[in-house]
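In each ligand, atom 1 is the first atom listed, and ligand 1 is the first ligand listed.
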Amino acid sequence: MIDNLLKEIGNPDTIGITGHVRPDGDCVGAVLGMYAYLSNVYKDAKIRIFLEKPAEMYSFLKGYDQIDESFAYPGQFDVFICLDSGDIDRIEKADKLFLGARKSICIDHHVSNSGFGDVFHVEPEASSTCEILTRLFEDEYMDTEVARALYTGIAHDTGVFRYSCTGPDTFIALSKLVKYDFDGSKITDETFYQKTYMQNQLLGRSLLESILFMDGKCIASSIDRRAMDFYGATGKDLDGIVNQLQITKGVEVAIFMHEIGTLEYKVSLRSNGKVNVADVASYFGGGGHVRAAGCTMNGTFYDVLNNLSLHIEKQLKDAGIL
Ligand code: AMP
Ligand code: MN
Ligand code: MN
């Protein structure tokens with residue numbers, strides 16, 4: 001665990017920052033928040049950001065235009081920081097830079113994260129990586145740019161302060177951020193709630209085609225390659241669909257998947273508390289949190305569903321729900 005982040009970072013000339021593939025709001029907020037913060041601390045250091053380009057709606061955050069998608073860097077970093085990634089496989093192209101750095105630091109909140117890098121700080125109880133960073137960052141180097149990035153991340157991973165991961169410490173962290181001059185509701189409106197017409201159509205389609213099974217305890221839906229191509233959609237356009245499935249009355253587990261290759265699905269799992277979906281996802285090589293996890297699986301939609309169902313059913317039976 002890290003006590004003093006700046007002491008841990010030391011006095012580097014070069015710092016690299018990365019996050020996980022297909023970055024979500026917490027990942028983007030953490031990476032850009034870290035960038036803004038370290039820019040205030042280390043005025044002379046060369047700070048680089050390596051990340052898959054996040055959606056345009058995040059372009060209001062400082063450092064967005066500095067994001068390097070090429071992952072190409074000729075030298076070795078003094079310090080390389082990995083944020084919001086539960087394992088090293090999820091930083092894909094940045095792994096060589098991370099492993100090759102003089103000092104590698106991992107800060108994260110996934111229960112499935114057993115820790116990697118020279119120094120790691122994993123708080124599975126934290127709502128978000130941005131909540132952890134809010135605690136680790138010193139007031140002296142905070143400013144509006146840092147605060148709004150961290151606020152964005154906390155808002156996303158807590159479903160705008162609603163999910164059960166939102167605890168007293170989350171609000172303590174938020175109280176430190178909201179004193180800065182930014183419009184929090186504008187951020188959540190524009191980056192969390194707002195959907196394009198196409199995204200809403202995909203949501204509608206997913207709900208219409210969803211199936212309810214296991215005595216109404218489980219709901220599942222999918223979007224195949226053909227539908228994705230028809231709408232010109234990418235995986236990012238499907239964010240939030242699984243959460244809508246999850247709030248179906250009576251449901252314990254929601255499964256949403258979309259086809260990313262031939263007979264290959266990216267699976268998102270959400271639980272209302274009785275089933276540990278991180279365990280289910282880990283079994284299939286993925287991971288995440290107790291109530292929100294994901295993995296990649298092969299087969300048809302029904303193959304994938306059958307495989308997942310075995311594990312979910314067992315947990316529901318063990319809990320006396322089925
Ligand atoms: P998602 O369903 O993609 O929103 O992901 C839910 C949670 O599970 C997030 O915290 C992700 O970091 C984690 N997660 C999703 N997919 C994977 C995966 N393939 N491997 C490990 N963790 C994952
Ligand atoms: Mn994330
Ligand atoms: Mn996160």
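Listed by atom number, the atoms of ligand 1 under 4.0 Å from Gly286 heavy atoms are 18 (C), 20 (N), 21 (C). Under a 4.0 Å criterion applied to the non-hydrogen atoms of Gly288, ligand 1 contributes the atoms 8 (O), 13 (C), 22 (N).
Residue contacts with ligand 1: Ala293 is included, with a non-hydrogen atom under 4.0 Å away. Taking a 4.0 Å cut-off on heavy atoms, Arg270 registers as neighbouring ligand 1.
At a threshold of 4.0 Å, the pair Asp78-Arg102 counts as salt-bridged, since one of the basic side-chain nitrogens sits closer than that to a carboxylate oxygen. We find that Glu52 and Lys93 are not joined by a salt bridge, their nearest charged nitrogen and carboxylate oxygen being 4.0 Å or further apart. The pair Glu8-Lys103 meets the salt-bridge criterion, since a charged nitrogen lies less than 4.0 angstrom from a carboxylate oxygen.
Angle OD2(Asp26) to the Mn ion (ligand 3) to OD2(Asp157): 80° [nearest 10 degrees].
Scanning the protein heavy atoms around atom 18 (C) of ligand 1, the nearest turns out to be Gly294 O, 3.4 Å. Protein heavy atom closest to atom 11 (C) of ligand 1, with residue, atom name and distance, is Arg90 NH1, 3.6 Å. Here the protein heavy atom with the shortest distance to atom 19 (N) of ligand 1 is Cys295 CA, 3.6 Å. Closest protein heavy atom to atom 7 (C) of ligand 1: Ala292 O, 3.4 Å. Atom 3 (O) of ligand 1 has as its closest protein heavy atom Lys266 NZ, 3.0 Å. Atom 13 (C) of ligand 1 has its closest protein heavy atom at Gly287 O, 3.6 Å.
Between His110 and ligand 1, at least one pair of N/O atoms sits closer than 3.5 Å. At a 3.5 angstrom cut-off on N or O pairs, His20 does not count as close to ligand 1. Close N/O approach between Ser268 and ligand 1 is found [any backbone or side-chain N/O within under 3.5 Å]. Residue-to-ligand polar distances place His289 within reach of ligand 1: an N/O pair is separated by less than 3.5 Å.
In this structure, Tyr151 and Phe161 have perpendicular ring planes: the angle between them is above 60°, well past the 30° mark.
Figure legend: cation-pi geometry between Lys53 and Tyr64, with NZ or CZ positioned under 6.0 Å from the six-membered ring centre and within 45° of its axis.
A donor-acceptor contact closer than 3.5 angstrom is absent between the side chains of His20 and Asp87.
Asp84 contributes OD1 as its N, O or S atom closest to the Mn ion (ligand 3). Atom OD2 is the N, O or S atom of Asp24 at the shortest distance from the Mn ion (ligand 2). Nearest N, O or S atom of His20 to the Mn ion (ligand 2): atom NE2.
The residue from Arg270, Arg291, Lys274, Lys217 that alone fulfils the salt bridge (Lys or Arg N to Asp or Glu O under 4.0 Å) condition with Glu252 is Lys274.
Not one N/O/S atom of Asp108, from backbone or side chain, sits under 2.8 Å from the Mn ion (ligand 3). When distances to the Mn ion (ligand 3) are checked against a cut-off of 2.8 Å, His109 contributes an N, O or S atom below that limit.
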For this session: Would you check, one step at a time, whether the test ring-ring contact (aromatic ring centres under 6.0 Å, His included) holds for Phe116 with Phe120?
Result: CA-CA 6 Å; Phe116 57 92; Phe120 50 85; 7.8 Å; no
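A continuous path of ILVMFWY side-chain contacts below 4.5 Å connects Val28 to Leu174, so both sit in one hydrophobic cluster.
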